[in-house]
Structure formats: C-alpha cells, structure tokens
Amino acid sequence: MDSIYIYGGNFLRGETKIQGSKNAALPIMAASLLIKGTCVIKNCPRIADVYLMQNLLQELGCSVTWYRNTVTIDATNVIDNAMSGESVRRMRSSVMLLGAMLGRIGEVFMAYPGGCVIGKRPIDLHLTALKKMGVEVIEQEHFFTAKVRKLKAMDYTLPFPSVGATENILLAAVLAEGTTTVRNAAKEPEIEALCGFLKAAGADIEGEGTSTLSIKGVGELREAKYTVPSDRIVAGTYLIAALSSGGSIFLEKAPAEHLGALIKVAGQMGGNITVNEDGVGIDVIRRLKAIPCLRTEVYDGFPTDLQSPMMAAMAVAQGESVLEETIFENRFRIVDELRKMGADIRIEKNKAYVTGKERLVGASVEAEELRGGAALVIAGLGASGKTIIKNRHFIERGYEDICRDFRNLGADINIG
Ligand code: UD1
C-alpha cells in the first residue's frame, strides 16, 4: 500500500499528455475567493494539493464542484475567517489564502503553513509586504491573525523574488486603493498565469513575466473562466526520465516556452529535443554526458523543482556532475535513497558531486517529499531489477497519475 513498484531498464517510447500546472492552479483557486460569484477553472490537475485547496475553500464557505478537469468555484458566500490548523499545515500553498482573504473580507486567522520538508520556508517576506499595505499582523506561536480595514497601494521592492510573496501581493493589490508597484517580483510562468486569471476577472495588471509589476486596484472583480497552462515541472520530470532511461518520447502539451533552461541542459547531456506546436519530444540514444556545473536559479534559470529529478539522471551520466542548490537549503534529502540504489553522490554544503554509474540497481526506497519522490521514480525506471518506492502519497501531491503516464511511455510501473 502507498507504494510504487517498478521493473526498470525499459527504454521509454511513446506519447503522453502533460497535466495542468499545480503551481498555477493553486493560487488561481485561492484567487477565486476574491470574486463574489462563480469561476470556472479548466485543465485543473486532479492532485492531492488541489484537493487540499478545495477543502480549505469549502471550509471558508465556497462551493466547489468538478467535471473531469474543470473545477467550478462559487465564492458568493464566504462565511468564515479561520482556517483549520491541519489543512493549512499540510500544504505551504495555503498561504495564498492570506492575500485572498484580506482582499475579500479584510481578516484571516490561520496556522503557519506547512508543506514539503525541503527547507525552513518562512513567510516573513509575505507578512512584511502585506504590512506595507496597511495589514496588521498579530503573531502567536503556531497561529497568526492578519487584518486590515482598507488595503492601500504601495511601491515595494521585494528583498528576494519569492514566488509566493509575489502572488500574495498580487492577490491583495488587485482590490486595494491606488496603484501598487512591486519591484524584484518573481517572473515564474505561474505568476503570469495568476495574472491571466485575475485580468480575465477584470483586474488591471501590467508587467507580468517581468520583474516589475504594476497593479491598479479596481472596485470589484467579476466572474471569470480560465484554462490552467500545462505543468512545466511535470513535463520536465518526464524529459529527464527519458534522459536517464534512454528512448524516444513525445510530451503532448509540454510548454517548451517555459522549459528553456532544461532543454539547453538536456542538449548538453546528449538528448535531442524537438519542439513543435503540439508539444516537446526527446530522443536519447547514447549514454548521457555529465554536466560540470548546474545551479538552480529563479526563472528563467534551472528550476529547483527539477533539481532532484536531474540528480537521478546525473547518477547514470558519464563523468562527474556538480549540482548546486541555491533556492532551498534542504533539498538533498533524496541522496541517501539514491545511494541505496548504488548512486555515487557526495554533498558539500549546497553542492552535490555526482559521479555517474553505468546503471543503478533496483532497491526499496522511501519518498520524503514530492520532487524527491519523482526523482526516485526516474531512478527506478532506469535501474536494473525491481524498485519499490514507499510513501507514494508525496508524489501524488503533484502528479495526477505518474504510473499511468510512464506506462504510456512503455515503462513497467504500478501502484501497490
Ligand atoms: C514556489 C513553488 C515551489 C518552487 C518555489 C521556487 C508553489 C506552490 N510552489 O514555492 O514549487 O520550488 O516557488 O520556485 O508555487 N522565503 C523566505 N521567506 C518568505 C518566502 C520565501 O525566506 O517569506 C525563501 C524560501 O524559504 C525559499 C526561497 O525563499 O528558500 C524561495 O521561496 P519562494 O519563491 O517563496 O517559493 P514558494 O512560493 O514557497
């Protein structure tokens, strides 16, 4: 139970379709709270984190219904200002409800958000920015209250381009009085998606996709429909799996325009990438080459969410690769599990030195968080023999059905 079984060693061949983006869907769902009416969000991934967000919205009084991958959220009535500790602590993205609740009713009482075990992940940047908008924050040990009579615009430079803080500022600013300017804002595609949804609802935003956002507050937002873009991290995970296992795959709807950094590295490692209007393909016919230095960076650098999957591929590349993590301080938890499969990895501070083996060996390993779990799947697909990955639920936080997708690509992989 709660495991994935893989008989590794197959080349990957075939096509699969890429799901909607988790990191775009979550803030968009939170943003629907700002609208006194019904919003329709299409291409929403059916994953555990989205269901957690659904639960939180329902606790606050929203009605949420599904038809296939379309979720309809009716936020006509918001009846509560408090969010239960358990749901909030289980998912870091619950923090998105902070800006949305302040915009909607000017008050929220919530636990400090949790999420993956990949670092301290405080919310100081969120709170500091919101205080500049007139929000009063009363902090207790495990909970805090935030309230504001009228949100006011600000001209603010973020000390670090935090994705979540940028999203919370956007959610608070769209209904604030005046024009808010955010400098050093995050430029991730998921910010553009959130802006796309808010603009469809009548928000006045300029500069999305750049580091300066200008948000002119409007009196009210209206009901909106929006289609969530494809998930660049899921697409990236599957491209890296093909790098690691070899083969020839095509990822329908993979967003090539958001995968530039990975596409470049995949080419350097020996993958042959093709891009067309339907998606992205990759052919890998030789053993991978190591990468002397790869750093994670904010967009449009190499994404931290693909660092662990890439480590699994480097573990079978020819030569020594160096992988430097610059965004989260605790994102090498996967190393011990990869070592059980025979990987040769040495950690020094925030750098991993990975000496590639010809092949990893199947083993029984444990996922501890989402992307690390996906990395173990990649390792298992390329390894000889049987791999059992425990704690499948971590992987299900972000992947709709990773086993189905890899079976579409010719792998021998099942839940158990
Ligand atoms: C989002 C993504 C996550 C991705 C990350 C970086 C979602 C749901 N999650 O997370 O998948 O890995 O962006 O691309 O979209 N920080 C602080 N104080 C704060 C906020 C952040 O110190 O108030 C630090 C974090 O601890 C981390 C770094 O800033 O070290 C990046 O965090 P941030 O960009 O905020 O990431 P998230 O929004 O949490």
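Order of appearance sets the numbers: ligands from 1, and atoms from 1 within every ligand.
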Exercise for review: Could you establish whether Glu190 and ligand 1 come within less than 4.0 Å of each other, counting only heavy atoms on the residue side?
Suggested key: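 Checking ligand 1 against Glu190, which is what was asked, there is no heavy-atom contact under 4.0 Å.
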
Practice item. Using non-hydrogen atoms of the residue, decide whether Arg331 is closer than 4.0 angstrom to ligand 1. Key: yes

Ligand 1-proximal atoms of [X], by part, heavy-atom distance under 4.0 Å:
X: Leu125; value: both
X: Thr304; value: side chain
X: Ser93; value: side chain

Point to revise | Geometric cation-pi criterion Arg183 and Phe160, 6.0 Å radius, 45° cone | key: no

Review point. Taking both backbone and side-chain atoms of Arg92, is any N or O found less than 3.5 Å from an N or O belonging to ligand 1?
Key: yes

Review point. Polar-atom distance check: Val163 versus ligand 1, any N or O pair below 3.5 Å?
Key: yes

**Study point:** Within the 6.0 Å centroid threshold, strictly below: Phe144 and Phe109
**Key:** no

**Study point:** From the candidates Ser94, Pro122, Pro113, Ser21, the one that places a heavy atom nearest atom 19 (C) of ligand 1
**Key:**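 Among Ser94, Pro122, Pro113, Ser21, the closest heavy atom to atom 19 (C) of ligand 1 comes from Pro122.
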
Revision key, fill the gap. In short, Arg104 meets Ile35 closest at the heavy-atom pair NH1-O, 3.7 Å

Check your understanding: If every non-hydrogen atom of Ser214 is compared with every non-hydrogen atom of Thr179, which pair is closest and at what distance?
Key -> OG-CG2, 3.6 Å

Exercise for review: Could you tell me whether Glu206 atom CD has more than 12 heavy atoms of other residues or ligands within 6.0 Å of it?
Suggested key: no

Point to revise | Neighbour count above 12 (heavy atom, 6.0 Å) for Glu252 CD | key: yes

**Study point:** Side chains of Thr387 and Tyr5, donor plus acceptor under 3.5 Å
**Key:**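 Not at all, the side chains of Thr387 and Tyr5 share no donor-acceptor pair under 3.5 Å.
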
Exercise for review: Under 4.0 Å from a heavy atom of Gly164: give me the atoms of ligand 1 that qualify, with their elements.
Suggested key: 35 (O), 38 (O)

